[in-house]
Amino acid sequence: MTAADAPLCRIVSDAELGNPLKTVDSVNWLGGNIHGWKVLCLAGGGGRQSCLYAAAGADVTVVDLSPAMLELDRQAARRRGFSPRLIEGSMDDLSMLAGADFDLVVHPVSTCYLPDIVAVYRQVATVMRSGGLYISQHKSPASLQTSIGRQHGNYQLLHPYYRDTAVPPPANSDAVSRRLREPGATEFLHRWEDLIGGLCRSGFVIEDLREPLHAEASPANNTFADRARFVPPYVRIKARRCPTGVAGGGSNQASEHPRPLLLT
């Protein structure tokens, strides 16, 4: 995807950097100021996220499994004069960041590539400070179940909700299928009890949830916007790390250097 200059693999633009917080936080979950925050862009390589949060004044770390995506971050940072910390690694093993005490973890769509989302949540919890924010976006389980195009005039549920194996790839490749399902990727459906319940059980409280709007009023049939009228493709979650000592919040030991909650 990087070699093909796919849309998800393009360095941040000057226009996006003009107002970086508005670009990444259109619903004001971050309160309008992250200057000095320690931010982890988890599975967030590609030369975009790192520069946007750095431009907003944050101290940025990027963890991504793809050396090619991290190279885009390196190029973008050099061009813009930023210095993010870039680490090649998997989202389900953040042992290299133990005790990092991040104020914010930003996690673009990527949990679908691993079978166990709760394992990811637990790793995120270990690198966050008490009261820090975790903002993640995921593929909707219903979207992964649903046909890419209309069949006999309707979109249809093709795949079981309760499953232990990866979701089969689309039967055909077209612009819509490539946008919804990355070609060649192995993707897993995560049920709501794990997407939401697993997050709570891993030491977070959920403060907000959005389904980014991709539908249009009168789109042509079998387009991305047409399908989104029936099945929202993504869900975005704002969660806060429970204070230590709170049920579900991890260790009962108080932080040696406690900080106030970041209220938005």
Side-chain angles (χ1 to χ4, degrees), residues 20-21 24-25 27-45 49-50 52-54 56-65 73 84-111 113-114 116-138 190 194-210 235-264:
L21 266 189
V24 297
D25 185 30
V27 295
N28 197 34
W29 279 355
L30 301 180
N33 185 1
I34 62 168
H35 192 272
W37 288 23
K38 293 176 63 177
V39 174
L40 171 61
C41 297
L42 183 57
Q49 302 278 342
S50 58
L52 286 165
Y53 286 98
D59 175 8
V60 178
T61 299
V62 180
V63 172
D64 200 289
L65 193 63
D73 282 278
R85 182 185 181 194
L86 306 179
I87 301 173
E88 182 181 340
S90 179
M91 69 186 98
D92 62 347
D93 180 7
L94 300 180
S95 56
M96 81 293 282
L97 296 174
D101 209 28
F102 286 103
D103 299 295
L104 170 66
V105 175
V106 181
H107 197 172
V109 175
S110 61
T111 53
Y113 304 129
L114 290 177
D116 186 357
I117 192 172
V118 178
V120 178
Y121 289 159
R122 288 172 179 163
Q123 286 294 298
V124 174
T126 67
V127 301
M128 295 195 69
R129 73 167 183 83
S130 175
L133 290 177
Y134 177 33
I135 294 177
S136 57
Q137 185 159 304
H138 312 269
H190 300 302
D194 290 329
L195 277 167
I196 301 300
L199 191 55
C200 296
R201 293 189 297 272
S202 299
F204 294 89
V205 291
I206 295 168
E207 294 189 346
D208 203 351
L209 184 150
R210 303 290 180 99
V235 58
R236 186 178 299 154
I237 305 169
K238 176 189 178 186
R240 194 176 295 275
R241 183 71 170 93
C242 290
T244 52
V246 174
S251 171
N252 288 323
Q253 297 298 317
S255 171
E256 184 179 353
H257 302 289
R259 305 183 208 171
L261 296 181
L262 297 172
L263 299 178
T264 58

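- Judged by distance alone, the side chain of Arg240 and the main-chain N or O of Gly131 form a donor-acceptor pair under 3.5 Å.
- Scored by the side chain to side chain donor-acceptor pair (under 3.5 Å) test, Thr126 finds no partners at all (sequence neighbours excluded).
- Residues meeting the side chain to side chain donor-acceptor pair (under 3.5 Å) test with Gln137, sequence neighbours left out: Arg236.
- Here the straight-line distance linking atom CZ of Arg201 with atom CZ of Arg122 works out to 8.0 Å at 0.5 Å rounding.
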So His35 and Leu21, side-chain contact (heavy atoms from CB on, under 4.5 Å) or not? Walk me through it.
CA-CA 11 Å; His35 192 272; Leu21 266 189; over 6 Å; no
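- A donor-acceptor distance shorter than 3.5 angstrom exists from the side chain of Asp25 to the backbone of Trp29, with no hydrogens or angles considered.
- Side-chain contact between Leu94 and Leu42: present, with at least one pair of heavy atoms (C-beta onward) separated by less than 4.5 Å.
- Heavy atoms only, all atoms of each residue included: Val39 and Ala58 are closest at CG2-CB, 3.5 Å.
- Scanning all heavy atoms of the two residues, the minimum distance from Leu133 to Met128 falls at O-CE, 2.9 Å.
- To the nearest 0.5 angstrom, Ile237 atom CD1 is 11.0 Å from Phe204 atom CZ.
- Ile117 CD1 to Leu195 CG: the interatomic distance, rounded to the nearest 0.5 Å, is 4.5 Å.
- Nearest heavy atom pair, residue Asp103 against residue Arg129, reads OD1-NE, 2.7 Å.
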side-chain contact (heavy atoms from CB on, under 4.5 Å) between Ile87 and Thr61, worked out:
CA-CA 8 Å; Ile87 301 173; Thr61 299; 4.0 Å; yes
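- Taken from SG in Cys41 to NE2 in His107, the straight-line distance is 11.0 Å, to the nearest 0.5 Å.
- Across every non-hydrogen atom of Pro108 and Val106, the tightest pair is CD-O, 3.7 Å.
- Looking at residues two or more places apart in sequence or on another chain, you find no side chain to side chain donor-acceptor pair (under 3.5 Å) involving Arg85.
- Two residues are said to be in side-chain contact when any heavy atoms from C-beta on lie closer than 4.5 Å; Leu30 and Ile135 meet this criterion.
- Looking at Asp101 and Arg241, no side-chain N of the basic residue comes within less than 4.0 Å of a carboxylate O on the acidic one, giving no salt bridge.
- Ring geometry, Tyr121 versus Tyr134: the interplanar angle exceeds 60°, so the pair is classed perpendicular (tilted spans 30 to 60°).
- Separation of atoms CG (Leu199) and NE2 (His138) is listed at 7.0 Å; rounding is to 0.5 Å.
- The shortest distance between side-chain heavy atoms of Val127 and Leu40 falls below 4.5 Å.
- Here the closest heavy-atom approach between residue Gly89 and residue Met96 is recorded as CA-CE, 4.5 Å.
- Smallest separation of non-hydrogen atoms from Asp92 and Ser90: OD1-OG, 2.5 Å.
- Looking only at side-chain heavy atoms (C-beta outward), Ile196 and Ile206 come within less than 4.5 Å of each other.
- Put simply, the side chain of Leu97 reaches to within 4.5 Å of the side chain of Phe102, judged on heavy atoms.
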